[in-house]
Amino acid sequence: MSDTHAETVAYVRETMLPQQAPPSGQTGAVKWLRENLFAGWLNTALTVLGALIILWLGTHFLPWFLHGVWNANSLAECREIITSTWGQDATGACWAVIRERWTQFLFGFYPDYLYWRPLLALVLLFAALAPVLFPGAPRALLALTVIYPGLGYLLLWGGSVWFPVAAYLGFVLGYVVFTALTKAGQNLLAPILAVLATILYWLFLAGPVETALESVIPFGMEEVRSNLFGGFVLSITIGVAAIALSLPMGILLALGRRSDMLLVKALSVGFIEFIRGVPLITLLFTASLLLNYFLPPGTNFDIILRVVIMVTLFAAAYIAEVIRGGLAALPRGQYEAADALGLDYWKAMRLIILPQALKISIPGIVSTFIGLFKDTTLVIFVGLLDPLKGITDAVRAAIEWKGIYWEPFIFVGAIFFIFNFAMSRYSMLLERRLRREHR
Amino acid sequence: METIERAVDRTQMKVSDEVAIQIVNMNKWYGQFHVLRDINLTVNRGERIVIAGPSGSGKSTLIRCINRLEEHQSGQIIVDGTELTSDLKNIDKVRSEVGMVFQHFNLFPHLTILENCTLAPIWVRKMPKREAEETAMHFLSKVKIPEQAHKYPGQLSGGQQQRVAIARSLCMKPRIMLFDEPTSALDPEMIKEVLDTMIELAEEGMTMLCVTHEMGFAQAVANRVIFMADGQIVEQNNPYDFFNNPQSDRTKQFLSQILGH
């Protein structure tokens, strides 16, 4: 009641109170422990239980790791060494298999004197990605980003230098057609004819152009056929190509699904729902078996390329849905403001809508990419040697490593984890950076 | 009722004979609902028109039709000699000539204030970046926030954001400005700074259409007040007669409700 009294009487504070330190026990490690580990009896019991589980796991698996043998020539020899060193009942990992066969896990059956080529391709990949992923990277690297698809292809598969060059000329041709038509005022016709010209060139002219260039200046590298690819060279090739291709395709599909044009919308919805509705393995079988029926006889359509196309389509459908969520999350006012300023559809999308929608969609997009990268192991079903099953089976087929399971799986899993964890960290970094920029 | 405290200079507010906007027998439906009914309106260059009316009367829809954020189903809308049809070229032409300010500002949160202002001049008007930035700084100074140019919209108060939105529209050098309840989402303290900016624009002779509940602004600045109800123009008059001598019962009822307290 004194409260009421205080409020009814006029009151003026004459001195302002200074800030005081909180009571002891309310800060630092003590407070943290009490709040997070020992708040109440249930919390304390769970903490103790958790500690016991960790202890149990540690005592069971740690010896297995620590008893690991690195120098041996067969699984039997591994076991002998473990028994003789740690006693009759001791268990231990036989890391010797990794030591002897790690090149196979990484490179498959790629010729060993050419290992430098996929390695160089990987190093250049990071250099080419840098300007895309990090704003601080030198802009000059963008030139490398542009030529990387051709360069990476050349390093991995080898063959004539003129093949990627002839393929790139298609883009140049498309660009020339596009600018010429735009200058002539054909704004609608320009993109259509440019794409058409490029495709026709690739189908009918690129081959002769390559042969002509090759006959004038023969220059190339030793060819490595797709059936020699395996292990992480295969996984990373498929993963990187599919990631790079599926993002733009997913964006177009998401925009298509929200389009006012009935045909575009129907095609996008149909594509997305169909691709998401069937298992990836079905698509891979289609790629390896059925495509041959549809293509003209005699065409040799590379199996890795076919798999990349299918994995791309599969991931694009998922990414389209993730991005559609981001597009739907934007307030209508953003679209209206862009319209009211006189921006046309593509400019509004590129400058206003997509930068914001993609930012919202980053976690979903990266999840899809991580899933895609792990799904590259499914290529075992079409006879390609993925690192997880294809290569481990090949390793176990050797008599000296028959019966070894855990060690190759742990090794392959660890490498997948490194790549995926890096992607996950990058996405968090990107989210933080964008949040800071927009505040 | 808000009062405009400063003296409004009407010397530049000349209405010319030139027609800026002409709306003839325009109708619009949302599905079965007839939102705009037989609208006829001619706006001359230099006019400052305030559109008032109860919510749901179609006043926002009307000004949104003028830059085709909403499509009309019959009748004609001619803006600066260009008729609005489904022709995208005409729509983009009208939109780049007509500035629009929204109730919720609709600034682009991923761009700085300066980038918000230079985006359309650079990409629609093909203005060189330097020139666009100079123009933007000119208009940001005019709305009195040049020092915020490198911040993001989220860092500004509502009133500042709305002034940026006005500057962003002005950077396109529009001949007509549309205001869709520009002060409705603002705290009372910030309404005045936005109204002051709008008064300055009027003093420079801008053709303006404002949907607003600020009757003080209407009295001080408008040369015509339009009252809408049920999708129709019920009454229009000069502000003095509109407020002191309303003709229709619907208008009298509306005025008694908003001016009653």
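Throughout, protein chains are lettered first and strands after them, A, B, ... in sequence-line order, and every chain is numbered starting at 1.
The candidate with the highest count of non-hydrogen atom pairs below 4.5 Å against chain A, out of B/Leu88, B/Val124, B/Val94, B/Thr112, is B/Val124. Taking chain A as the reference chain and counting heavy-atom pairs below 4.5 Å, the highest number among B/His104, B/Met100, B/Arg168 is found for B/Arg168.
B/Asn67 approaches A/Ala340 most closely through the heavy-atom pair ND2-CB, 3.8 Å. The two atoms that bring A/Glu336 and B/Leu69 nearest to each other are O-CD2, 3.9 Å, heavy atoms only.
Partner of B/Arg95 under the side-chain contact (heavy atoms from CB on, under 4.5 Å) criterion, chosen from A/Asp344, A/Asp339, A/Leu343: A/Asp339.
Residue B/Val101 does not touch chain A at all, counting heavy-atom pairs closer than 4.5 Å. Contact of B/Phe102 with chain A is made through the side chain alone, with heavy-atom distances under 4.5 Å. Interface residue B/Arg64: only side-chain heavy atoms are found under 4.5 Å from chain A. Using a 4.5 Å cut-off between heavy atoms, B/Leu178 makes no contact with chain A at all.
A heavy-atom distance below 4.5 Å is found between the side chains of B/Pro109 and A/Gln334.
Counting non-hydrogen atoms of other residues, nucleotides and ligands closer than 6.0 Å to OH of B/Tyr30 gives a total above 12. In this structure, B/Glu147 places its CD atom where more than 12 heavy-atom neighbours from other residues, nucleotides or ligands lie under 6.0 Å away. Around the NZ atom of B/Lys93, the shell of radius 6.0 Å holds no more than 12 heavy atoms that belong to other residues, nucleotides or ligands. The number of heavy atoms from other shown groups lying within 6.0 Å of CZ (B/Arg130) does not exceed 12.
Within the structure, every pair that satisfies the salt bridge (Lys or Arg N to Asp or Glu O under 4.0 Å) test and touches residues 312-326 of chain A, not counting sequence neighbours, is listed here: A/Arg257-A/Glu321, A/Arg276-A/Glu321, A/Glu321-A/Arg324.
Residue B/His110 holds its NE2 atom at 7.5 Å from CG of A/Leu351, rounded to the nearest 0.5 Å.
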**Request:** Walk me through it: do A/Leu341 and B/Met172 pass the test side chain to side chain contact (heavy atoms under 4.5 Å, CB included)?
**Result:** CA-CA 8 Å; A/Leu341 285 169; B/Met172 288 293 279; 4.3 Å; yes
